[in-house]
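Let me begin by presenting the structure, written as structure tokens, before commenting on it.
Just so you know, these numbers use all the heavy atoms, side chains as well, and skip hydrogens, waters and symmetry mates.
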Amino acid sequence: MSSLSSIMFFPLIMIFFISSCFPLSNGASDPNSLYGSFLQCLKSLEFPPDPTFSAIVYSSTFNSTSYTTVLQTYIKNRRFNTTSTPKPTIIITPTKESHVQAAVMCAGKLHVQIKIRSGGHDYEGISYVSSEKNFIVLDMFNLRTVNVNVADQTAVVQVGAQLGELYYHIWEKSKVHGFPAGVCPTVGVGGHLSGGGYGTMLRKYGLSVDHVIDARIVDVDGDILDRKTMGEDLFWAIRGGGGGSFGVILSYTVKLVPVPEVNTVFRIMKTVAENATDLVYKWQSVLPAIDNDLFIRLLIQPVTVNKSKTVRVSFIAHFLGDSGRLLTLMNKNFPELGLKKEDCKEVSWIQSVLYWANFDYKTTPVKILLDRHSDKVNFLKRKSDYAQTPIPKSGLKSIFDKLVELGKVGLVFNPYGGRMNEVPADATPFPHRAGNLFKIQYSVNWDDDDQKLEKDYLNQSRVLYKFMTNYVSKNPRGAFLNYRDLDIGVMTGTGKNGYDSGKVYGEKYFMGNFMRLVKVKTAFDPDNFFRNEQSIPTLVAGKGRKMTTLI
């Protein structure tokens with residue numbers, strides 16, 4: 001392990017002084033005491049003391065207006081921005097790596113939970129909400145530098161950067177390079193990459209984590225590690241296993257991918273009366289086997305047409321090529337959709353980013369991608385599944401009828417195949433590769449702050465999820481970590497209880513990779529300092545189980 005390069009520690013007598021000044025039994029029990037103790041601890045870890053620490057520590061008591069602004073700025077789900085939502089005792093907004101090191105060390109000394117937020121898009125708010133009484137939020141938004149090197153086709157991106165910023169800085173340097181990641185520009189890099197990450201180039205280039213070649217992380221001891229010093233086990237774990245279980249990731253080094261100068265996008269919408277059922281049925285067999293340059297997402301939503309409730313399916317495409325080649329491909333493999341030349345929009349890769357983010361790609365300046373608050377924030381709930389066999393037409397009809405009956409919740413189908421069939425399931429913690437035809441997202445959004453509506457819409461998502469049981473993966477039923485869903489399990493207790501409860505959701509997210517993640521966790525954070533409601537548990541000694549060496 002590397003030493004703290006930027007923190008100079010006091011002699012042993014000062015370490016004793018720090019410990020005795022900040023009693024572990026009481027420090028986390030009183031918010032006011034915790035603020036003072038934490039600030040004093042931070043300042044004591046550098047010599048001379050860092051004068052900037054006071055400016056990056058926020059408390060609801062001592063600087064409440066700034067605290068509220070910082071807390072709410074990156075809340076991307078209004079379900080977790082209410083008066084009853086648990087609030088952090090302290091928020092820390094580091095502006096340099098040594099701030100992160102100090103925050104980790106002081107949180108450890110004071111025995112207080114630390115949550116890590118990069119963009120705030122985690123669907124269950126676990127980066128800034130906790131089930132524990134007192135907790136700290138380490139908000140990484142100031143650490144958002146992006147350095148693109150076209151010569152070696154790499155970018156070093158700090159975790160507080162958003163995807164839009166990464167895309168913009170790539171575009172600044174090259175019009176024929178891109179990066180395979182999500183379609184929402186305001187998603188934080190840290191959570192997106194550590195959980196897997198994917199976008200419209202999924203079938204061509206696989207996941208975002210398939211292109212991560214290095215990383216920097218602060219471990220439980222406050223040391224900064226890179227790929228060489230952390231070793232391949234930890235490097236494997238933080239590329240899809242959720243970085244917050246293992247440390248505080250500072251940056252990722254990613255490999256860029258080539259993109260053509262001309263891309264093509266289209267959106268075609270069909271209702272049930274316009275043969276949507278047959279088209280979705282055909283899509284299931286066509287898309288996983290079609291040219292890897294093509295990605296067609298389905299949005300399946302209940303709508304009202306001419307005062308009659310029905311289902312509308314939107315076929316939204318990104319093709320890495322021109323419209324002529326796309327039309328030839330579609331006419332051969334999927335003529336039923338009826339794609340025409342006038343449906344196709346030829347765009348640059350960066351314009352395809354704008355298109356998929358629902359901007360007018362012709363008139364919107366690319367600089368909109370630098371706007372960290374360009375999205376609308378509403379109430380939402382997400383769930384996920386994987387389909388491994390085609391859903392029969394009768395099943396699709398039943399699903400569409402259920403959507404109409406429920407009235408609000410919708411589905412998103414994301415096609416697999418291509419590169420996803422070629423990467424081994426254990427290459428990264430993300431296991432859902434070959435054998436999956438498409439990923440399903442359950443999606444419901446609403447604008448009204450109404451508890452009755454929230455209860456109804458959350459129930460709709462759960463009813464639909466249960467209804468889909470026969471059509472999706474089994475034993476275990478798979479789930480996608482970046483579509484965080486606390487319905488499928490939460491960590492309860494510590495020791496054996498923590499392990500057993502963690503296994504419930506862990507095997508859904510990680511399948512056969514779960515135990516390797518547990519072993520990495522046990523080796524690098526045996527006391528479970530880095531934890532959240534769905535973090536990786538440690539391996540415990542108990543009846544019928546013994547500590548296992550890392551393999």
Side-chain angles (χ1 to χ4, degrees), residues 183 198-205 259-303 305-306 310-349 351-352 355-356 361 386-401 403 410-422 434-441 471:
V183 302
Y198 81 100
T200 63
M201 295 192 287
L202 172 79
R203 303 187 63 258
K204 178 73 171 183
Y205 292 119
V259 295
E261 293 186 12
V262 178
N263 296 244
T264 305
V265 295
F266 71 76
R267 179 189 295 254
I268 292 177
M269 295 184 287
K270 300 287 186 180
T271 64
V272 170
E274 296 169 316
N275 211 29
T277 309
D278 288 344
L279 291 173
V280 174
Y281 178 73
K282 181 70 180 287
W283 172 92
Q284 296 178 101
S285 60
V286 170
L287 257 294
I290 207 166
D291 192 300
N292 295 357
D293 288 338
L294 180 59
F295 179 91
I296 302 179
R297 167 180 283 178
L298 304 187
L299 299 185
I300 305 173
Q301 302 164 293
V303 295
V305 178
N306 297 326
T310 186
V311 164
R312 181 182 66 208
V313 180
S314 300
F315 296 77
I316 311 172
H318 180 197
F319 180 65
L320 296 165
D322 60 56
S323 60
R325 186 160 72 91
L326 174 59
L327 284 166
T328 299
L329 189 66
M330 291 293 288
N331 288 336
K332 177 182 178 182
N333 294 279
F334 200 4
E336 295 87 350
L337 188 59
L339 182 67
K340 299 180 177 61
K341 176 72 174 178
E342 53 266 32
D343 299 320
C344 300
K345 300 172 175 62
E346 291 190 338
V347 295
S348 65
W349 177 76
Q351 286 179 317
S352 79
Y355 179 86
W356 274 80
Y361 70 92
Y386 289 89
Q388 298 178 331
T389 57
I391 301 173
K393 289 182 183 180
S394 59
L396 291 173
K397 182 181 183 304
S398 296
I399 293 167
F400 292 177
D401 289 344
L403 290 174
L411 296 169
V412 185
F413 288 2
N414 295 284
Y416 268 37
R419 180 62 181 157
M420 293 299 286
N421 284 345
E422 300 166 0
N436 294 290
L437 296 178
F438 55 95
K439 173 162 52 189
I440 300 171
Q441 181 183 97
Y471 306 114

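- If you run side-chain contact (heavy atoms from CB on, under 4.5 Å) between I300 and each of I440, L403, V412, only L403 comes through.
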Take L202 and Y416 through the test side-chain contact (heavy atoms from CB on, under 4.5 Å) and record every step on the way to the result.
-> CA-CA 7 Å; L202 172 79; Y416 268 37; 3.8 Å; yes

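- At least one side-chain heavy atom of V259 sits less than 4.5 Å from a side-chain heavy atom of M201.
- Side-chain contact between V313 and L299: absent, with no pair of heavy atoms (C-beta onward) separated by less than 4.5 Å.
- Inter-residue side-chain proximity for L396 and Y471 is flagged as unmet; no heavy-atom pair is nearer than 4.5 Å.
- Residues S348 and E261 have side chains not in contact (no heavy-atom distance under 4.5 Å, counting atoms from C-beta outward).
- Annotation: cation-pi geometry not satisfied between K397 and Y281 (NZ/CZ under 6.0 angstrom from ring centroid, within 45° of ring axis).
- With hydrogens and angles disregarded, no donor-acceptor distance shorter than 3.5 Å links the side chain of T277 to the backbone of V272.
- Contact of the I290 side chain with the L329 side chain is registered, since non-hydrogen atoms from C-beta on lie closer than 4.5 Å.
- Side-chain contact between L337 and F266 is present, with heavy atoms from C-beta onward closer than 4.5 Å.
- Of all non-hydrogen atoms in A317 and I296, the two that sit nearest each other are CB-CG1, 3.8 Å.
- Across every non-hydrogen atom of C344 and S323, the tightest pair is CB-CB, 3.8 Å.
- For residues 311-336, the pairs satisfying salt bridge (Lys or Arg N to Asp or Glu O under 4.0 Å) are K282-E336, D291-R325, D293-R325, with sequence neighbours left out.
- Each of K345, H318, E346 was scored for a side chain to side chain donor-acceptor pair (under 3.5 Å) with N263, with one residue passing: H318.
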Give the intermediate values and the outcome of side-chain contact (heavy atoms from CB on, under 4.5 Å) for residues Q388 and L437.
-> CA-CA 5 Å; Q388 298 178 331; L437 296 178; 5.8 Å; no

Would you sort out whether E274 and L279 count as a side-chain contact (heavy atoms from CB on, under 4.5 Å), showing the intermediate values?
-> CA-CA 9 Å; E274 296 169 316; L279 291 173; over 6 Å; no

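- Counting heavy atoms from C-beta on, the side chains of L411 and Q441 never come closer than 4.5 Å.
- Nearest heavy-atom pair across N331 and P335 is O-CB, 3.5 Å.
- In this structure F438 satisfies the ring-ring contact (aromatic ring centres under 6.0 Å, His included) test together with W283, F413, sequence neighbours excluded.
- For the pair N436 and M420, the minimum side-chain heavy-atom distance is 4.5 Å or more.
- The backbone N or O of N292 sits nowhere less than 3.5 Å from a side-chain atom of R419 that would complete a donor-acceptor pair.
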For side-chain contact (heavy atoms from CB on, under 4.5 Å), just list the numbers for Y361 and W356, CA-CA rounded to whole Å, side-chain angles, deciding distance to a tenth of an Å, and then say yes or no.
-> CA-CA 9 Å; Y361 70 92; W356 274 80; over 6 Å; no

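- Atoms OG1 and CG, on T264 and L326 in that order, are 5.5 Å from each other to the nearest 0.5 Å.
- The 12-atom threshold is exceeded at CZ of F334, counting heavy atoms of other residues, nucleotides or ligands nearer than 6.0 Å.
- When the side chain to side chain contact (heavy atoms under 4.5 Å, CB included) test is applied to K340, the partners found at least two apart in sequence or on another chain are E342, D343.
- Taking each heavy atom of K270 and A276 in turn, the nearest pair found is O-CB, 3.6 Å.
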